[in-house]
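Sequence lines set the chain letters: A, B, ... in the order given, protein chains first and strands last, and positions in each chain run from 1. Keep in mind that the numbers below use all heavy atoms, side chains included, and drop hydrogens, waters and symmetry copies.
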2 protein chains.
Amino acid sequence: MNVQDVIEHGAEYFLPNLSIDHVIIGYQDDTLKCLLLKVGDKWVLPGGYILQEESVDHAAERILMERTGLKRPHLRFLSVFGNKDRKFDNDFKGFFKKRGLPWREDYWINDRFVTLAYYSLVNIDTTHPVPGEFDDAAEWFSMDELPEMWLDHNSIVDTARERLKGDIAREQVTYNLLPTEFTMPQLHQLHQTILGSKLDRSRFQKKMIATGMFERLPQVVKESPGRNPYQYRLKKEA
Amino acid sequence: MNVQDVIEHGAEYFLPNLSIDHVIIGYQDDTLKCLLLKVGDKWVLPGGYILQEESVDHAAERILMERTGLKRPHLRFLSVFGNKDRKFDNDFKGFFKKRGLPWREDYWINDRFVTLAYYSLVNIDTTHPVPGEFDDAAEWFSMDELPEMWLDHNSIVDTARERLKGDIAREQVTYNLLPTEFTMPQLHQLHQTILGSKLDRSRFQKKMIATGMFERLPQVVKESPGRNPYQYRLKKEA
DNA sequence: TCAAAAGTGTTCCTGTTACACCCATGT
DNA sequence: ACATGGGTGTAACAGGAACACTTTTGA
């Protein structure tokens, strides 16, 4: 479905005034990053609309899959963003002009939208972004240095970052951000990056191993100076 | 706005396909109760629609206030319910028949609706339910013995009950369910009711007092057999 | 004075904190 | 050999769990 089709016929297929946005979080170079798409001059979160005969959950997974190809991601509801003046008309106006397409005030996508925001944790190396019809580019940005984004998308990202901090204290899900095989020092550094504070290395390691979620692989990898760490991976559930 | 107005003109004022539902939780006779409204032959959660020029947050508070008169309730987002076949047409059909009103398939309220569910904790004695135009009655039901409800409203209540269990472990908000002055034994019993399990009385009391959130009132109340408990109330924030 | 209810204390145990110490490897 | 980084151990402490003890009241 190309841009013109979405504008003209989208209202027949999608629920109006309701959208889904994804904060897709990855980890690279000791930095938390999220996937953004360039639309016109600014950036947006990967998102989409809900089909009229489709559940919200299904739409969230479908949209994420369309942009990343991921089938079983760690996907979690973040929050509702529903300000009364949440309209993209100005942003779309610039986008249409840049594309040389006609723009009309009464396009359904110019309406006020309530969005359901989700966040997901992905391995950046195995995620292959697929820009959509509206997107001029797809890029990973440090969550601490975001470009100018449409409307409230900046604050959606900030909300996700805060939420992640709280969530890792309760549940072990961060391994989603690493390759399937990883070392404890890597996991340790990741947690420190998420929390933005130091964690006792010794205690962290024992705590992680004590969860019983990970199995140690006999292999060791050689690197530079010090001792070689073990690798771990998630235990398969029985 | 009466029923006929809502049906005929609601689509001009409200966002389509999106609703808000409230699980309003109170506590009475050692039981968690929630406020339900009778519409036709079955019961529904108090709810409503979002005005086109109104934020979602504002709508949630407005709707709650319309049905309870409460201005500053403990209000919390619960979850999105968005099954693909979430339509109330059959339920509305029965309701219209019972009221002797004409019913048409294409009424906007018969469309598929995604709902944003909230839960709130209120003091049952100071909450005065106000039935709306659609409602034949308003009643408090034990959350463990719900009547037959429209569509998925039963499971929304169940979700709220589960959520509450988790939330009280993290934050002290349960005092919202009690009068402004209460005793530790009362608070203790409330927590046991919410969790559905026994809590060590001694430890509970010390833990609550240790939070420093409550101030002890010198007064004591006389009752029956045993010793008279102190009363407590929430400390005013500085 | 006895049972019941409320307040306080004691003991045990677990998990957290902050280190110290021991291994392995590259320079 | 030594600095660096990874793995394990230990002592001090805080908080949770289970239960005993004391105080106050009505019958």
Value in whole Å for how far the C1' atom of C/dT17 lies from CG of A/L199: 12 Å
D/dT8 base / A/K207 side chain donor-acceptor hit below 3.5 Å: no
Shortest side-chain distance from A/R216, nucleotide among D/dT24, C/dC19, D/dG7: D/dG7
Rounded interatomic separation in angstrom, taking OH from A/Y232 and P from D/dG6: 12 Å
C/dT25 OP1/OP2 closer than 4.0 Å to side-chain N/O of A/N228: yes
Under 3.5 Å donor-acceptor pair, A/S202 side-chain atoms to D/dG7 base atoms: no
Side chain to side chain donor-acceptor pair (under 3.5 Å) evaluation trace for A/T174 with A/H191: CA-CA 8 Å; A/T174 46; A/H191 274 240; 2.9 Å; yes
Protein-nucleotide distance (B/D200, atom CG; C/dG9, atom P), rounded to Å: 15 Å
Pairwise 5' ranking along DNA chain D for A/G226 and A/P185, keeping only the more 5' one: A/G226
Given C/dT8, D/dT4, C/dA6, the nucleotide with the shortest approach to the side chain of A/P225: D/dT4
B/F182 CZ to C/dA6 C1', straight-line distance once rounded to whole Å: 16 Å
Rounded distance (Å) that lies between atom P of D/dA17 and atom CD of B/Q205: 16 Å
A/E145, CD atom: more than 12 neighbouring heavy atoms under 6.0 Å: no
Spacing of A/M208 atom CE relative to C/dG15 atom P, expressed in whole Å: 14 Å
Length of the line joining A/F204:CZ and D/dG9:P, which is rounded to integer Å: 19 Å
Comparing A/I209 and A/R227 on DNA chain D - which has the more 5′ nearest nucleotide: A/R227
Residue B/R203, side-chain atoms from C-beta onward, closest of D/dA17, C/dT25, D/dT8: D/dA17
Test item: A/L121 and A/L164 side chains (from C-beta on) under 4.5 Å apart, heavy atoms: yes
Presence of donor-acceptor pair under 3.5 Å, side chain of A/R201 and base of D/dG7: yes
Plane angle bin for A/F77 and A/Y118 - parallel if under 30°, tilted between 30 and 60°, otherwise perpendicular: perpendicular
Side chain of B/K206 - closest among D/dG16, C/dT10, D/dG9: C/dT10
Spacing of B/K198 atom NZ relative to D/dA17 atom C1', expressed in whole Å: 16 Å
B/F88 and B/H153 aromatic ring geometry - parallel, tilted or perpendicular at 30°/60° bounds: perpendicular
